[in-house]
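No experiment lies behind these values; they were computed from the predicted model shown.
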Amino acid sequence: QVQLVESGGGLVQAGGSLRLSCAASGRTFSNYAMGWFRQAPGKEREFVAVINWNGGTTYYADSVKGRFTISRDNAKNTLYLQMNSLNPEDTALYYCAAAPRRGITTIPGAYDYWGQGTQVTVSS
């Protein structure tokens, strides 16, 4: 089992920044690719970003590319998402997730463990 706890969400004005964190416990963190997903009210959960086991490979949804940066610290068992230039369309519940593989994947079904989510609200 892997337990994931997100933090860092909040209310921010358009153009602002937030940094999300995801603290992992349980099994060896570096054995997992880690992803961020989000779900806005009335919409499907969507992929945001993913990072491989050692941080050497990342991939982003087109909607966040150039604005968001995913990173991880395996020594601290923590995943991060730096979000810059936020806009109201980024408003959603943000989840971190762990996939039992070292390479990246954007498929939600490949992720075995999910956090409870942290709310990000961007005002215009």
Show which residues join Y94 in its hydrophobic cluster (side-chain heavy-atom contacts under 4.5 Å, direct or indirect), or state none. V2, L4, V12, L18, L20, F29, Y32, M34, W36, V48, I51, Y60, V64, F68, I70, L79, L81, M83, L86, Y113, V120, V122
Applying side chain to side chain donor-acceptor pair (under 3.5 Å), which residue pairs with at least one partner in residues 12-26 are found, sequence neighbours left out? Q3-S25, S17-N84
Mark yes or no for whether T105, through its side chain, and I107, through its backbone, hold a donor-acceptor pair below 3.5 Å. yes
Counting only N and O atoms by type, is there a donor-acceptor contact under 3.5 Å from the side chain of T78 to the main-chain atoms of K76? yes
Shortest non-hydrogen contact from P88 to S124? CG-CB, 3.8 Å
W114 meets the side chain to side chain contact (heavy atoms under 4.5 Å, CB included) criterion, sequence neighbours left out, with F37, R45, Y95, A97, P108, Y111
Contacts of type side-chain hydrogen bond (donor to acceptor under 3.5 Å, both in side chains), residue K65, not counting sequence neighbours: D62
Return the minimal non-hydrogen interatomic distance between A99 and A110, and the atom names on each side. CB-O, 3.4 Å
Any donor and acceptor pair, going by atom type alone, linking the side chain of T118 with main-chain N or O of G9 inside 3.5 Å? yes
Other than Y80, what residues sit in its cluster of Ile, Leu, Val, Met, Phe, Trp and Tyr side chains whose heavy atoms are under 4.5 Å apart, directly or through others? none
What's the spacing between K43 NZ and L93 CG if we round to 0.5 Å? 14.5 Å
Salt bridge (charged side-chain N to carboxylate O under 4.0 Å, His left out) partners for R72, two or more places apart: none
With sequence neighbours left out, which residue pairs that include part of residues 80-97 fulfil the salt bridge (charged side-chain N to carboxylate O under 4.0 Å, His left out) condition? R38-D90, R67-D90
According to the disulfide (SG to SG under 2.5 Å) rule, which pairs have a member within residues 64-124, sequence neighbours left out? C22-C96
Please tell me if the side chains of R102 and N31 come closer than 4.5 Å, counting only heavy atoms from C-beta onward. yes
Side chain to side chain contact (heavy atoms under 4.5 Å, CB included) with T57: which residues, sequence neighbours excluded? N52, I104
